[in-house]
Amino acid sequence: MPTPTLRFLSTLLAQGKASSVELCQDYLDRIRRLNPALNAFITVDPDRTLVEAVAADALRASGRGDVLTGVPIAHKDLFCTEGWLTTCGSRMLAGFVSPYDAHVIRQCKTMGMPSLGKTNMDEFAMGSSNETSHFGPVKNPWDHARVPGGSSGGSAACVAADMAPAATGSDTGGSIRQPAALCGITGLKPTYGMVSRYGMIAFASSLDQGGPMARTAEDCGLLLNVMAGFDERDSTSLQREKEDYTRDLDKPLAGLKIGLPREFFGEGLTGDIAKAVEEAITQYRRLGAETVEVGLPNSRLSVAAYYVLAPAEASSNLSRFDGVRYGYRTPDYTDLLDMYEKTRAEGFGEEVKRRILIGTYVLSHGYYDAYYIQAQKLRRLIASDFRAAFRDCDVILGPTTPGTAFRLGERIQDPVQMYLTDIYTIAVNLAGLPGMSLPCGFDGQGLPIGMQLIGDYFGEARILNVAHQYQRVTDWHQRRPEGL
Ligand code: GLN
């Protein structure tokens, strides 16, 4: 069977060769078979999925369907989904059933895309390996002893294992691109403000951005068409004309200028990844693109700036989990303060507590100027570097991650090692730019390698074009793990 892309499934439905109910049933069967080992889903609810599938078939039959009507999708468990458990990977929300839909969920429902379930993730999206999830780690479908990346590890793993044709993810410092790279799929983090954050449980509001995770660039474009768009309920949502992100997919690349940041190709890049990315560059030259060297001198400070800014925002966002309004509440307490303390001590995991502590520290009187303000200044410098680089090129290309999927347990005791896995992705969030990861090879152990394409603001259609042209002449994105 050909790769089950969204495009392929959409054609099956349009030609009447399959119904949404049949597609959903096939995926639910696969989830039942594979999820116990992979742990990619936190919640699966076949009855709900099938009710949505029946409605989607009716919508298509009525002639009011659109391209993705009837095509199922999985959702990262930080998107509030009415009537579904929405846990954010935390004990704090382990019993929380959302009373409303996030904007992204609503958009998918309006399109008639049945939900296959809610995917596992690092707790409150803090992590790069899925090991901080209250519901246990996700396994990488390519090697069950390894991590799928994070924080959207469940979304990446379920697509890689064909338990869903696509999934939603969110990316604050790399959480769409890094797991996409480690699981051998394609993922896009849009320009900040393109996809509404309404109903997406907040981690670091000035960085968080929802986006698509799928097999191909074309599928990411199709899904972004559904997810993106102005929403007045998110004050940072961009008021722009509706666009078709797939409009430029077929444009030839002749004359395209690809910027190669010298900071991304120095030491720290392991042999197999350097080689795969070099080969991709050669491929692009064959497609008619030129390369130019660019500089992102401040990007080496991006991880440091991020680990001041993201925890600062997280410490404020997570203050709402107090045991009063919703979520977990400790069973035994003496008074209000005791209830707060025990609820938060028991409800949050180690990594979340570490971030809250760092965040409150850097925001406190006396340290604010030394850390928070300094980090904000760095953020501006990092954004200016990109601005200068885009004067000389149309897109920027580099590796997505410094290494391939690491072993479960290998880094969880060493937060700094874990933080460094996002060294190539974080600057993009700090600048608010669009970035994507797509498969470009395998290492000596058969683990997928991802390359990153970074666009200028609102350059989604451009990077999708650049990615699609590569996927037309390569088949890395079609490879699937054996034996699943
Ligand atoms: N790994 C990074 C972190 O732990 C990024 C996470 C994300 O993008 N949500 O904060």
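Counting starts at 1 for both ligands and their atoms, in listed order. Being a predicted model, the structure only gives us computed values, none of them experimental.
Judged by the 6.0 Å and 45° rule, R240 forms a cation-pi pair with F458.
Comment: D171 engages R177 in a salt bridge, judged by a side-chain N to carboxylate O separation of less than 4.0 angstrom.
Contact residues of ligand 1 (protein heavy atom closer than 4.0 angstrom to a ligand atom; sorted by chain and number): A125, M126, G127, S128, S151, D171, T172, G173, G174, S175, F203, Y306, Y307, R355, D422.
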| query | Going through the distances and angles, do L430 and L207 end up as a side chain to side chain contact (heavy atoms under 4.5 Å, CB included)? | reply | CA-CA 7 Å; L430 291 170; L207 300 159; 3.9 Å; yes
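Every residue two or more places apart in sequence or in another chain was checked for a ring pair (Phe, Tyr, Trp, His ring centres under 6.0 Å) with F406, and none qualifies. By the side chain to side chain donor-acceptor pair (under 3.5 Å) test, K76 is found to be paired with S151, S152, S170, residues two or more places apart in sequence or in another chain being considered.
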Atom pairs and distances, donor-acceptor, side-chain atoms in residues 361-378, under 3.5 Å, two or more places apart:
| from | atom 1 | to | atom 2 | distance (Å) |
| --- | --- | --- | --- | --- |
| S364 | OG | Y361 | O | 2.6 |
| Y372 | OH | Q376 | NE2 | 2.9 |

